[in-house]
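What follows is a single structure, written as structure tokens, with notes after it.
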Amino acid sequence: MSDESTFPLSVVDGLTLSPEYRKALRPGEMWADAAGRQRQLPRYFYEVPSWDMAMKAQLTPNFLLWEFIQVDVRETPLLLSFPRYVPCAITLLAVCLERFREAVGSLVHISANGGYRSPSHRLSRNASLHCWGVAANIYRIGDTYLDTRSSIERFSLTARETLPAVWTRPYGSPAGFAEDHLHLDLGYVTSIPRDVRS
Amino acid sequence: MAAIADREATLRKQIEKIESESGAKAIAVAVHDTETDFELHYRADRWFHAASTIKVPILLGVFDGIAHGTLLPHSRIHVRNRFHSVVERVPFRVESDRDANSSVHAAIGKMMRVEELAHHMIATSSNLATNLLLDIVGLENVQRTLQELGADNGIDIKRGVEDELAFEKGIFSSVTADGLLRVLLLLAEGKAFSPALSRKMMDILHGQEFNRGIPARLPKGTRVAHKTGEISTIAHDAGVVYLPDRKPYVLVVLTEWDADSSGRSKAIAEISHRAYEALTEKV
């Protein structure tokens, strides 16, 4: 039996990318969070050669890669075309969302700009966890739009009960709160696949 | 052939009569015929609440982005129903039951193309599409675009739509009939950025689905690229009228009413019909 991974995407050391990509992705760079603490951005990425591949790349039984990389015109133009690069920790987020999906018993929809977005994305600031590929904004679960206090708090509780150490944004309108989606993240997790040389 | 001055005087009297008989609090009309250079300006420098006619200047702002390459017609925008008031940046939403278009609301959480949102902003007057586009383009850029095109005189854009807090504070966008006329004339003459982009904007305005105003009493075969605007005390229609075998004319009708009054569309349609008669010598 082969011990090779069947995962279709290759791993890339961000520091070996062209200057244009390094400028957009800032691999391994330090970035201050909202409290001024320095956080290190991911260095290793999966290379996504095409949208077709993103549609096929199965991260878990119910999540495909494309769901995590939908970004709008606010993303830097270079990263709207292919190849694209996604932090390797995206697989950990997918596993957590799969577990969450089992707990809620319905489809979990990640919003545009609500999966991975680069540090150059116009909405990325204060070391946003979305730039680590470990945060998801969920706008709908099954037929329920998460745009009320009750729906957000209900599914937030489910997420926290189901996923150890997950953090969910409290309901509300000030910065750091959310009132039209459920934000959950795993903290500043990075993933270094075992075969890479670091 | 009746002299242009005679036709202008006749049309002015007809508008005065419609104004007095309709019960409108105020009516303003601006006409420019690109075929004959006929012009009429009836209270055309009076300021009105813009209502949804402000979406035409916002369309110009969007196409300024396209002209400068910061946007593409197929650029995708995240459909999110959360905006910030111009008053202290208080968050607000566009209520779906106050929006004429449901397909944009149905896309919340997903993405829509700039060209789709522009179509919905004009054709069905989607308020959600309008605020999404204005968020991407920026209020300042719309204002700058109008200045650069020489169309800022008579257009005072202060915010997006459905910003109730701003409305309560008396902050709203205003237009004059002459202001809208200048904008539409730029489009009709292909002078907004380029003939090709002007044509694309006109195509969007041709998609207008609310046709009880300017087009209602025009002959079959007439095409009107226009934008309506209606709130409790306001009913406007502003457009470019294309009749067969002649150059188009621009017509702007702005009206103000008591909140419980009726007959708004009828008055606009009547003025449009009279303008058509004046310009085609059927007076």
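Chain letters run A, B, ... following the sequence lines, proteins first, then strands; residues in each count from 1.
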Report, as yes or no, whether the 6.0 Å neighbourhood of atom [atom1] on [X] holds more than 12 heavy atoms from other residues, nucleotides or ligands.
X      : atom1 : value
A:R125 : CZ    : no
B:F167 : CZ    : no
B:E88  : CD    : no

query: Of the backbone (N, CA, C, O) and the side chain (C-beta and beyond), which part of B:R93 lies under 4.5 Å from a heavy atom of chain A, both, or neither?
result: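 Contact with chain A: side chain only.
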Region of B:L71 in contact with chain A, defined by heavy-atom distances below 4.5 Å: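 When you check distances to chain A, only side chain atoms of B:L71 fall under 4.5 Å.
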Just how far is it from atom [atom1] of [X] to atom [atom2] of [Y], taken to the nearest 0.5 Å?
X      : Y      : atom1 : atom2 : value
A:S173 : B:R89  : OG    : CZ    : 11.5 Å
B:H105 : A:Y145 : NE2   : OH    : 11.0 Å
A:D72  : B:I136 : CG    : CD1   : 5.5 Å

Is the shortest heavy-atom distance from the side chain of [X] to the side chain of [Y] under 4.5 Å?
X      : Y      : result
A:H109 : B:K110 : no
A:N113 : B:M111 : no
B:R80  : A:S111 : no

Which portion of A:D147 sits near chain B, non-hydrogen atoms under 4.5 angstrom: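 Backbone plus side chain of A:D147, per the 4.5 Å heavy-atom cut-off to chain B.
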task: Would you mind telling me which of B:I108, B:V114, B:N81, B:L72 has the largest number of heavy-atom pairs within less than 4.5 Å of chain A?
output: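 That would be B:I108.
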- prompt: Shortest non-hydrogen contact from A:V73 to B:T70?
  reply: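 Answer, listing the atom of A:V73 first, then B:T70: CG2-O, 4.4 Å.
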query: Quick check: does any side chain N or O of B:R82 sit under 3.5 Å from a backbone N or O of A:E179, one acting as donor and the other as acceptor?
result: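 Answer holds: no.
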